[in-house]
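Just so it is clear, the structure is predicted and the values come from calculations on it, not from any experiment.
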Amino acid sequence: MDARGRELGRFEFGPSDLRGVRQVVQAIASDRLPNRVDDVVLAVHEVAVNSVVHGAGRGVLRIDETPEAIVFTVEDEDGTGSVPLLNPIDDGAPSGRGLRIAHLLSDHLTIDVGPSRTSVRLRLVLTPEP
């Protein structure tokens with residue numbers, strides 16, 4: 001176990017694998033975040049789509065568990081070194097809402113940008129059992 005916690009899974013994806021991303025996230029969320037499944041699936045899906053569209057067309061989803069949270073990290077080989085923006089939601093815009101939606105549906109969103117890699121981390125706090 002490292003600083004991120006225990007790795008629950010890793011899934012490499014491309015444009016034809018987004019359904020698989022949703023299925024993997026749904027399986028993890030159903031077990032560990034049962035009251036938030038739809039929100040978690042949508043949030044991670046939006047970030048994965050961004051990897052396909054704005055990254056190198058491919059990405060990696062890593063799922064880690066800490067004692068307090070489940071962390072979904074989507075990484076891609078961006079190459080631009082530019083920081084993705086959390087644009088305000090514009091109902092008239094045909095795109096540009098993905099990161100904002102992910103931010104609103106997660107407990108904490110972090111974006112790390114390097115010269116050749118972008119990483120978006122969604123942290124979702126586990127609800128203690130009664």
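- Taking the side chain as every heavy atom from C-beta outward, V47 and L99 approach each other to under 4.5 Å.
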Could you list the donor-acceptor pairs under 3.5 angstrom formed by side chains in residues 10-26, with sequence neighbours left out?
residue : atom : partner : partner atom : Å
D17     : OD2  : G14     : N            : 2.8
R22     : NH1  : H45     : ND1          : 3.3

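- In this structure, the separation between CG on D39 and CG on L122 is 12.0 Å, given to the nearest 0.5 Å.
- For D107, the salt bridge (Lys or Arg N to Asp or Glu O under 4.0 Å) criterion is met by R36, not counting sequence neighbours.
- Between the CD atom in E65 and the CD1 atom in I70 there is a gap of 4.0 Å [rounded to 0.5 Å].
- Taken from CG in L124 to CG in L105, the straight-line distance is 9.0 Å, to the nearest 0.5 Å.
- Annotation for S51 and V74: closest pair OG-CG1, 3.2 Å, computed over non-hydrogen atoms.
- For D38, the CG atom is loosely surrounded, since the number of other residues' heavy atoms within 6.0 Å does not exceed 12.
- Criterion: ILVMFWY side-chain heavy atoms under 4.5 Å apart, direct or through other members. Under it, V60 and V52 are not part of a common hydrophobic cluster.
- No chain of hydrophobic side-chain contacts below 4.5 Å, direct or via other Ile, Leu, Val, Met, Phe, Trp or Tyr residues, connects L8 to V125.
- Across T110, V44, L109, D76, a single residue satisfies side chain to side chain contact (heavy atoms under 4.5 Å, CB included) together with V120, and that is L109.
- Here CD of E46 is found 12.0 Å from OG of S106. Values are rounded to the nearest 0.5 Å.
- When side chains are defined from C-beta on, L33 counts as touching L126, because their heavy atoms get closer than 4.5 Å.
- Annotation: the span from E75 atom CD to S119 atom OG amounts to 4.0 Å, rounded to 0.5 Å.
- Considering every non-hydrogen atom in both A102 and A43, the closest pair reads CB-O, 3.7 Å.
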